[in-house]
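Report on one structure; see the data block that follows.
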Amino acid sequence: MNIGIIGSGNVGGTVGELWAKAGHQVMFSFSRSSERLQTLAAQIGTNATSGTPAEAANFADVVLFAPNFWLVQEAIAQAGSLAGKIVIDTTNPYRWAESGGIVRMVGENVSGAETIQKLLPGARLVKAYSSFQPSALRRWAERPLDQRLAVAIAADDEAAKAIVAQLIEDSGGRPFDLGTLQNARLIEIPGSFSSSDNLTLDAAFKRRLQVLGY
Ligand SMILES: NC(=O)c1ccc[n+]([C@@H]2O[C@H](COP(=O)([O-])OP(=O)(O)OC[C@H]3O[C@@H](n4cnc5c(N)ncnc54)[C@H](OP(=O)(O)O)[C@@H]3O)[C@@H](O)[C@H]2O)c1
């Protein structure tokens, strides 16, 4: 599968590398330095290239959307329309405060994913990869299957969700279904499945029972 990465830092760089190593074609984009993206792609080697966000969007069957939340509009402006594309939203809707700590950038009753869906009309949005540090995914990918990291996922488009579930397996995680995009707020900080701890699939099912009753 051709995967365009928009935001190639901690999350985009790590997940993109895991996909490239699993045999997908990955194009890294969105940086203040095109040289940094070229170096990242060269280090990964086979299956990785770099380009502009518009080039990554054109190339992609699936887009991993992983900019800092305060750069979401800038990243979308550079990418152009993502209508019809499967877009995996990894963001948490926060920025750093000057006094330290973090500041929420969307209303309390709105998720970052719902905000991004409005900014990307026609995109097939899937929330995933926002609930843990990407280094944990890489570490736990070495474990036996039942001990790997549960990657919570929420989307309204079931066909897009199934494709992303397979990509989660390919990156070494275990897909864990949290229902529709409305539940993206559970995966984003400060939701019950956000980055407070890392969960195996078994632990994630127990937490879903406590939180959602099923
Ligand atoms: N880190 C985590 O543990 C984690 C976990 C889950 C979800 N998330 C969420 O996932 C998203 C990405 O997080 P991250 O930790 O991967 O962020 P990051 O490491 O800071 O990466 C951000 C990306 O944006 C680029 N960028 C920064 N400023 C830019 C600018 N002015 N113009 C163009 N590109 C720019 C960076 O490239 P350059 O630095 O090369 O310019 C980099 O590619 C965030 O929304 C975050 O909340 C993070």
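Not measured: the values here are computed from a predicted model. Both counts, for ligands and for their atoms, begin at 1 and track the order of listing.
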| query | Using a heavy-atom cut-off of under 4.0 Å, does the side chain or the backbone of Leu71 touch ligand 1, or both, or neither? | reply | side chain
| task | Count the heavy atoms of every other residue, nucleotide or ligand shown that sit under 6.0 Å from CH2 of Trp70, and state whether that count exceeds 12. | result | yes
| task | Evaluate the side-chain proximity of Asp146 to Leu201: yes if any heavy-atom separation is below 4.5 Å, no if none is. | result | no
| query | Below 4.0 angstrom, N of the basic side chain to O of the carboxylate: do Arg148 and Glu142 qualify? | reply | no
| Of the protein's non-hydrogen atoms, which lies at the shortest distance from atom 35 (C) of ligand 1, and what is that distance? | Phe30 CE2, 3.7 Å
| message | When you compare ligand 1 with Pro134, is there at least one nitrogen or oxygen pair between them that comes in under 3.5 angstrom? | response | no
| request: Just need the protein heavy atom nearest to atom 38 (P) of ligand 1, so name the residue and atom and give the distance. | output: Ser31 OG, 3.4 Å
| said: A side-chain contact here means heavy atoms from C-beta on lying under 4.5 Å apart; do Met27 and Asn2 qualify? | reply: no
| task | Report yes if some N/O of Arg32 lies less than 3.5 Å from some N/O of ligand 1; otherwise report no. | result | yes
| query | Are side-chain heavy atoms of Ser31 and Leu37 found at a separation under 4.5 Å? | reply | yes
| said: For atom 5 (C) of ligand 1, what is the closest protein heavy atom, and at what distance to 0.1 Å? | reply: Phe132 O, 3.1 Å
| field | Protein residue, atom and distance nearest to atom 42 (C) of ligand 1, heavy-atom basis | value | Gly9 N, 3.6 Å
| Polar contact flag for Arg36 and ligand 1 (N/O pairs, less than 3.5 Å) | yes
| Are side-chain heavy atoms of Ile88 and Ile153 found at a separation under 4.5 Å? | no
| said: Could you identify the single nearest non-hydrogen protein atom to atom 44 (C) of ligand 1 and state the distance to 0.1 Å? | reply: Pro67 O, 3.3 Å
| Geometric N/O contact Asn68 with ligand 1, under 3.5 angstrom | yes
| What atoms in ligand 1 come closer than 4.0 Å to a heavy atom of Thr90? | 7 (C), 8 (N), 9 (C), 10 (O), 11 (C)
| Which residues pass the side-chain hydrogen bond (donor to acceptor under 3.5 Å, both in side chains) test with Asp177, sequence neighbours left out? | Lys161
| query | Are any of the N or O atoms of Thr91 closer than 3.5 Å to those of ligand 1? | reply | no
| So which heavy atom in the protein is nearest atom 14 (P) of ligand 1, and how far is it from that ligand atom? | Asn10 CB, 3.8 Å
| Is a salt bridge present between Glu17 and Lys21, judged by a nitrogen-to-oxygen distance below 4.0 Å? | yes
| field | Ring centre gap for Tyr129 and Trp19 strictly below 6.0 Å | value | yes
| query | Would you say Lys85 and Val62 make side-chain contact, with heavy atoms under 4.5 Å? | reply | no
| field | Identity and distance of the protein heavy atom lying nearest atom 43 (O) of ligand 1 | value | Ser8 N, 2.8 Å
| Taking the side chain as C-beta and beyond, is there a heavy-atom pair between Leu145 and Arg174 under 4.5 Å? | yes
| Student check: side-chain heavy atoms of Gln78 and Phe30 closer than 4.5 Å | yes
| query | Which of the numbered atoms in ligand 1 are below 4.0 angstrom from a heavy atom of Gln133? | reply | 3 (O)
| Does an N or O anywhere in Ser29 fall below 3.5 Å from an N or O of ligand 1? | no
| Sub-4.5 Å side-chain heavy-atom contact between Asn183 and Lys127 | no
| message | I want to know if ligand 1 touches Val11 in the polar sense, i.e. an N/O pair below 3.5 angstrom. | response | yes
| field | Options Gly7, Ala136, Gly112, Ala66, ranked by nearest heavy atom to atom 12 (C) of ligand 1, top entry | value | Ala66
| field | Gln78 N/O to ligand 1 N/O under 3.5 Å | value | no
| Contact between Tyr94 and ligand 1, counting heavy atoms under 4.0 Å? | no
| query | Polar-atom distance check: Gly12 versus ligand 1, any N or O pair below 3.5 Å? | reply | no
| field | Heteroatom proximity flag, Asn92 to ligand 1, N/O under 3.5 Å | value | yes
